[in-house]
Amino acid sequence: MDFDTITSISTPMGEGAIGIVRLSGPQAIGIGDKLYKGKKKLSEVNTHTINYGHIIDPETNEIVEEVMISVLRAPKTFTREDIIEINCHGGILTINRILELTMTYGARMAEPGEYTKRAFLNGRIDLSQAEAVMDFIRSKTDRASKVAMNQIEGRLSDLIKRQRQSILEILAQVEVNIDYPEYDDVEDATTEFLLEQSKNIKEEINRLLDTGAQGKIMREGLSTVIVGRPNVGKSSMLNSLIQDNKAIVTEVAGTTRDVLEEYVNVRGVPLRLVDTAGIRDTEDIVEKIGVERSRKALSEADLILFVLNNNEPLTEDDQTLFEVIKNEDVIVIINKTDLEQRLDVKEVKEMIGDIPLIQTSMLKQEGIDELELQIRDLFFGGEVQNQDMTYVSNSRHIFLLKQARHSIQDAIDAAESGVPMDIIQIDLTRTWEILGEIIGESASDELIDQLFSQFCLGK
């Protein structure tokens, strides 16, 4: 595809040792030649080389910056276009001036995600690989980055392409049946082949969907909400899990007035940890707003850590709150075990039934390891599955796989019920198209634009 030449700053804004201005497109090297002064012109150097020189302002011949420029010629580049990357000192003023010069002499500012979008449109990567690039950048744990890297390398794409090819083979057999209906043995062979292959495809889709829960947690983090009455130790628990004093901890009830959110890696499980205002009836306007936000966070949680105070008897508020959350994934924590026990543990166990119970002292840092192991066991059955597995982690992919499973099941049901082949063909074709949306082979322009608009500028 033919594109113009784009430019952007590809390193984070701010002061740093190095800043990079990237250009991609047919005029990238030509624009570089207008701005660069070195031993050779950039158009004369070998591809995939780094070249020392200076950026000058062509209008005044003033030296703007000392630079190292990478020259990468198409098609062996990320975008399959000519690319240059201007490596300069990381000052805001300098890097912005170089960016302005690249735009003055022929480039335009890149849109968010446009480099990766060009890589997709030029056929270097498919849509699922492009999405995995952003997942890799945003990953919070080693496992999350490995899942994203596997997708960047095309493991998910290969599986999807194989299933689509299997569907094409089924459709070819169906066409034979439609074209030669007079041969009974062809129809029998087609039906048997269709059922066998369709069930294999459904089984593979199910296998991918089985990894979806773990994959999504690795990608987005497990939304974990800490709840309980005021002053039971919720903020201390947040501080202990993230190993930092982000939340204010005092003996005064109602200190936390808002929802605090932090990411933490717990035994390889990324938690989006939310410390909530203590849920109780209050006349304090600010605290009341915090309580409402706590209730909203509770409704969106994947995991709830319900904290009780070992130093106080079980209250009606505790019981009321437990009734609200008891059908969710909950771990009950009896905190402040360093203080005198006034809580009837037997009464708590009768209330919670089979829900996991952990006893902790945030002051003495006791019970934290047990809590972390319980979180891991609750969602991963003790350990994350083999790292070589292909995980589905993207919500869009999971949704499309569920649609594809439904469609292939319709084809199986129709075949088993003796429905005419040309009707079954519709369900098979629909399955093929849905799987194509995952890798971008049948995705709309609007969807592609929306997905890439979520990327950072410079990627």
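Heavy atoms only: backbone and side chains are in, while hydrogens, waters and symmetry mates are out. None of these values were measured; they are calculated from a predicted model.
For the pair D82 and A28, the tightest heavy-atom approach, listed with the atom from each and the gap, is O-CB, 3.6 Å. Heavy-atom minimum distance, Y105 versus L35: CD1-CD2, 3.8 Å. Residue T337 comes nearest to N310 through the heavy atom pair CA-ND2, 3.7 Å, listed as atom of the first residue, atom of the second, then distance. Smallest separation of non-hydrogen atoms from W432 and R164: O-NE, 3.0 Å. Nearest heavy-atom pair across R118 and G25 is NH1-CA, 4.2 Å. Of all heavy-atom pairs between L209 and I398, the closest is CD2-O, 3.7 Å.
To the nearest 0.5 Å, atom CD1 of residue I9 and atom CG of residue L99 are 5.0 Å apart. To the nearest 0.5 Å, the span separating CG on L72 from CD1 on I69 amounts to 11.5 Å. Taking CD1 from I304 and CG from D329, the interatomic distance works out to 8.5 Å, rounded to the nearest 0.5 Å.
Between the D126 side chain and the G440 main chain, no donor and acceptor come within less than 3.5 Å of each other. Proximity of a side-chain donor or acceptor of E66 to a complementary backbone N or O of C88 within less than 3.5 Å is not detected. Counting only distance, with no hydrogens or angles, the side chain of Q365 and the backbone of M362 share a donor-acceptor pair below 3.5 Å. Of the possible polar contacts, one joining the T5 side chain to the Q27 backbone as a donor-acceptor pair under 3.5 Å is found. Distance alone, capped at 3.5 Å, is enough to place a donor-acceptor pair between the T79 side chain and the E81 backbone. Distance alone, capped at 3.5 Å, places no donor-acceptor pair between the N122 side chain and the R80 backbone.
Under the 4.5 Å side-chain criterion, counting only non-hydrogen atoms from C-beta, I331 is in contact with I375. Contact of the E372 side chain with the D369 side chain is registered, since non-hydrogen atoms from C-beta on lie closer than 4.5 Å. Under the 4.5 Å side-chain criterion, counting only non-hydrogen atoms from C-beta, I434 is in contact with R430.
Geometrically, R124 does not engage F78 in a cation-pi contact defined by less than 6.0 Å to the ring centre and at most 45° from the axis.
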For salt bridge (Lys or Arg N to Asp or Glu O under 4.0 Å), just list the numbers for E312 and R229, CA-CA rounded to whole Å, side-chain angles, deciding distance to a tenth of an Å, and then say yes or no.
CA-CA 11 Å; E312 297 175 353; R229 289 185 296 106; 2.8 Å; yes
For side chain to side chain donor-acceptor pair (under 3.5 Å), just list the numbers for S8 and Y115, CA-CA rounded to whole Å, side-chain angles, deciding distance to a tenth of an Å, and then say yes or no.
CA-CA 10 Å; S8 69; Y115 295 97; 3.1 Å; yes
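A salt bridge links E131 with R396: at least one charged nitrogen is closer than 4.0 Å to a carboxylate oxygen. Ion pair R162/E204 not flagged as a salt bridge, since none of the NZ, NE, NH1 or NH2 atoms sits closer than 4.0 Å to an Asp/Glu carboxylate oxygen. Between R97 and D57 there is a salt bridge, since at least one side-chain N of the basic residue sits less than 4.0 Å from a carboxylate O of the acidic one.
In this structure, L168 places its CG atom where more than 12 heavy-atom neighbours from other residues, nucleotides or ligands lie under 6.0 Å away.
If you run side-chain contact (heavy atoms from CB on, under 4.5 Å) between Y36 and each of N51, I84, I29, I31, only N51 comes through. Shown are I98, T102, I86; of these, the side-chain contact (heavy atoms from CB on, under 4.5 Å) with T7 is made only by T102.
There is no side-chain donor-acceptor pair under 3.5 Å between T49 and N46. Judged by distance alone, the side chains of E65 and H89 do bring a donor and an acceptor atom under 3.5 Å apart.
A search for side-chain contact (heavy atoms from CB on, under 4.5 Å) contacts involving T429 returns L171, Q425, E433, not counting sequence neighbours.
For the salt bridge (charged side-chain N to carboxylate O under 4.0 Å, His left out) condition, no pair includes a residue of residues 31-46, sequence neighbours left out. Applying the salt bridge (charged side-chain N to carboxylate O under 4.0 Å, His left out) test to residues at least two apart or on different chains, the pairs with a partner in residues 100-110 are D4-R108, R108-E114.
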